[in-house]
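Just so it is clear, the values below take in all heavy atoms, side chains as well, and ignore hydrogens, waters and symmetry mates. In the text below, chain A, chain B and the rest are named by the order of the sequence lines, each starting its count at 1.
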There are 2 protein chains.
Amino acid sequence: MPAPSPAPEPASGAAVGKSRRRAGRPMARVLDQAGITTAALQLISAKGYNGLTMAALAKTLGVAPSALYNHVASKDDVLLLLEDHLAAMVDVSAFGVEPWAAAVRQWAWSYRDVFSAHTPLIPVIAVLPVANAPKTLAMYEAVTAGFREAGFPEEKIISAIVALEAFVFGAAYDVTAPEDIFDAGNLAEQVPNFTAAVDRLAAERHPRPTDVAFSLGLEALIAGFSAMTEYGLRG
Amino acid sequence: MPAPSPAPEPASGAAVGKSRRRAGRPMARVLDQAGITTAALQLISAKGYNGLTMAALAKTLGVAPSALYNHVASKDDVLLLLEDHLAAMVDVSAFGVEPWAAAVRQWAWSYRDVFSAHTPLIPVIAVLPVANAPKTLAMYEAVTAGFREAGFPEEKIISAIVALEAFVFGAAYDVTAPEDIFDAGNLAEQVPNFTAAVDRLAAERHPRPTDVAFSLGLEALIAGFSAMTEYGLRG
DNA sequence: ACCAATAAATGAATGCCATTCATTTATACC
DNA sequence: GGTATAAATGAATGGCATTCATTTATTGGT
């Protein structure tokens, strides 16, 4: 006799236009955390974070809003699921392969790029214990291992990662800022040095000024960390 | 004949327990932006940002919620008022007095300290044009002037400030994180390098680990920026 | 000195939103 | 086979920012 067929895979996609489900537990499970995560990502890319409401999420999944609460404790819990999903998309592959500086560079750019489209998660991430976010933990493990292999001073590894992460999060916000954020408007005359500096940068016609600032800061951090390490880093 | 007494100063404090105001424009103006800002700060320090609602703000000021909208366009507008108020508390006094590195150090620490108690403002600040925030502009002007006087390469000044600010904002979040944020819990065995690094840092028994990370990153940025400047900085 | 426009308050309503609860139905385990 | 549990519905609930009609006082123009 063949083994019993595995439990039917939970629907991870949107509801097809079926007839209305009647009350009571359905024969096939409709929701699970992976499906909720996927639907949330869809919704965000379609309508932005303002469109991410529990009601909209439920609708996408073809379910009543209250059904979500059988699988997540709160909306913040949904944000945590998103965060962990995104953490897995951050590129840590260079650690242990490329030299330390190159690996940090690749990680930080990737980290910023992933989260710049998801800045509303940052206040949640930055404060939430990592224990419930296994993919996030995996990212930290890879980065930590890379620092250690490179001979980075043990007692400074976490502090350095925290500092880099702070920079990455702040820079992620900067990506979303409007181009004219530094336009002083009618107050321009009162801040001549600032206005001049803004104009000076604008004159360079960089396609993405935010990338220039990120590169500048990141290279400074990398150089600064390297210099702090007395005998330099291996790798 | 004496000049007519100046317009009665708008109440900037909370409402005293007076009898209920009747509908219609009162003889003495009750609200203004300064009073709203002050009341918002009070409210935040008493109840935190969760307690900062338009209704609660109105109550503090002894006013109906809708009255607020004669003075601010939205709640985000209130947050902008707060931001500008706080920007004036950031210490830029060292620019043009102390050497460049010391001035940056003092500015960045002060900036972080001021906003670490107000992280909910960060998503708003980071994205809002500076034109409506005169005190914020004044801060930028002082910082820019300091960089210029120190001989910092003109075309890099804004990028460097943006990078420092990104770091400061990210670090402000870090200040608010719980102590056990890096506790991997029951997943600890699966992330040995990370766990070891966390333990290694904990073994140092720093009173404020967040300050260690901030200092590390800030000194790296300062050193990195200095090194990038071919002939060093003046001052 | 009057009158119209405007400023600044009240109070009632609106619509959205996260969350909870009672209820219903199916499944899993002892 | 029966009971606890899981997972859905649908109907509240309370909080929230914001809007609108209305009322009253002040200001600026002629």
B:Ala188 meets the side-chain contact (heavy atoms from CB on, under 4.5 Å) criterion, sequence neighbours left out, with B:Ala184, B:Thr195

Polar atom pairs (N or O), protein with nucleotides 13-17 of chain D, under 3.5 Å:
residue, atom, partner, partner atom, Å
D:dA17, OP1, B:Met54, N, 3.3
D:dA17, OP1, B:Lys75, NZ, 3.1
D:dA17, OP2, B:Met54, N, 2.9

Atom CG of A:Leu68 and atom P of D:dA6 are separated, to the nearest Å, by 18 Å

Of the listed C:dT10, D:dA8, C:dA8, the closest approach to the A:Ala67 side chain comes from D:dA8

Ranking D:dT9, C:dG11, C:dA8 by distance to the side chain of A:Ala64, first place goes to D:dT9

Note to self: Can you tell me if B:Arg21 touches the phosphate of C:dA9, counting only side-chain N or O atoms and a distance under 4.0 Å to OP1 or OP2?
What the structure shows: no

Without placing hydrogens or testing angles, list every side-chain donor-acceptor pair under 3.5 Å for residues 118-139 of chain A, not counting sequence neighbours.
residue, atom, partner, partner atom, Å
A:His118, ND1, A:Tyr49, OH, 2.7
A:Thr136, OG1, A:Glu83, OE1, 3.0
A:Thr136, OG1, A:Glu83, OE2, 3.1
A:Thr136, OG1, A:Asp84, OD1, 2.8

With sequence neighbours left out, the residues meeting side-chain contact (heavy atoms from CB on, under 4.5 Å) with B:Ala160 are A:Leu216, B:Phe147, B:Phe152, B:Phe225

Quiz item: Hey, mind stepping through A:Ile44 and A:Leu82 against side chain to side chain contact (heavy atoms under 4.5 Å, CB included) and telling me if it holds?
Solution: CA-CA 10 Å; A:Ile44 288 159; A:Leu82 284 170; 3.6 Å; yes

Salt bridge (Lys or Arg N to Asp or Glu O under 4.0 Å) pairs touching residues 111-132 of chain B, sequence neighbours excluded, are B:Arg112-B:Asp211

To the nearest angstrom, the CG-C1' distance between B:Leu31 and C:dA7 comes to 12 Å

The ring-ring contact (aromatic ring centres under 6.0 Å, His included) partners of A:Phe169 (sequence neighbours excluded) come to A:Tyr111

Within residues 119-128 of chain A, the residues having a heavy atom closer than 4.0 Å to DNA chain D are none

Here the side-chain hydrogen bond (donor to acceptor under 3.5 Å, both in side chains) pairs for residues 65-76 of chain B, sequence neighbours left out, are none

In whole angstroms, the gap separating P of D:dA8 from NZ of A:Lys59 amounts to 19 Å

B:Asn70 CG to D:dT22 P, in whole Å, measures 17 Å

Between its two end axes (five pairs each) the helix from C:dA1-D:dT30 to C:dC30-D:dG1 turns, nearest 10 degrees, through 20°

The complete set of side-chain hydrogen bond (donor to acceptor under 3.5 Å, both in side chains) pairs with one or both residues in residues 121-131 of chain A, sequence neighbours excluded, reads none

Here the salt bridge (Lys or Arg N to Asp or Glu O under 4.0 Å) pairs for residues 171-188 of chain B, sequence neighbours left out, are none

Hits for side-chain contact (heavy atoms from CB on, under 4.5 Å) against A:Glu141, two or more places apart or cross-chain, chain-then-number order -> B:Val191, B:Pro192, B:Asn193, B:Phe194

note: A:His71, atom NE2; C:dT19, atom P; distance rounded to Å ~ 16 Å

Here the gap from A:Leu31 atom CG to A:Leu57 atom CG, rounded to the nearest 0.5 Å, amounts to 8.5 Å

